[in-house]
S.K.: 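Below is a structure I'd like to ask you about.
Quantities reported herein were computed from a predicted structural model and do not represent experimental measurements. All residue numbers refer to positions in the sequence shown, counting from 1.
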Amino acid sequence: MDQLKEIAVLELWTVYDSPVDLPGRFVARKWLNQPTNELLQDKTLEGLRGRLPQGLTRLERSPQDDPKIVETWI
């Protein structure tokens, strides 16, 4: 009997400062083990943080991250 393996899906929101496709905005892009088309945007970082789903934990950007990445929420 074949058993289905359950794949864990990790939801992440990566926050960018002025990405190429939305200059002058803070943008959070949703990842579900891979990028999705879902995004949030605001003129300010504080405003964008207020739009993120409740209950997430903020992770600092890593030095090797793209310079436009501000932080990631998990």
S.K.: Let me have the donor-acceptor pairs involving side chains of residues 7-18, under 3.5 Å, with sequence neighbours excluded, atom names and distances please.
M.R.:
| residue | atom | partner | partner atom | Å |
| --- | --- | --- | --- | --- |
| E11 | OE2 | W13 | NE1 | 2.8 |
| S18 | OG | G24 | N | 2.8 |

S.K.: Membership question, hydrophobic clusters at under 4.5 Å side-chain separation (ILVMFWY): are L56 and W31 in the same one?
M.R.: no
S.K.: Using a 6.0 Å cut-off, check whether atom CD of Q64 has over 12 heavy atoms from anything other than its own residue.
M.R.: yes
S.K.: Identify, with sequence neighbours excluded, every residue that meets side-chain contact (heavy atoms from CB on, under 4.5 Å) alongside R61.
M.R.: D65, I69
S.K.: Let me confirm one number: the CG-CG distance from L48 to L39, rounded to the nearest 0.5 Å.
M.R.: 9.5 Å
S.K.: Run R49 and F26 through side-chain contact (heavy atoms from CB on, under 4.5 Å) and show every step you take.
M.R.: CA-CA 9 Å; R49 286 175 175 160; F26 285 92; over 6 Å; no
S.K.: Going by side-chain hydrogen bond (donor to acceptor under 3.5 Å, both in side chains), name the residues that satisfy it together with R51, two or more places apart in sequence or in a different chain.
M.R.: D42
S.K.: I need the R58 CZ to T72 OG1 distance, nearest 0.5 Å.
M.R.: 9.5 Å
S.K.: What pair of heavy atoms forms the shortest contact from D66 to K68, and how long is it?
M.R.: OD1-N, 2.7 Å
S.K.: How many angstroms lie between atom CD of E71 and atom CD of E60, to the nearest 0.5 angstrom?
M.R.: 7.5 Å
S.K.: I need the R25 CZ to L45 CG distance, nearest 0.5 Å.
M.R.: 13.0 Å
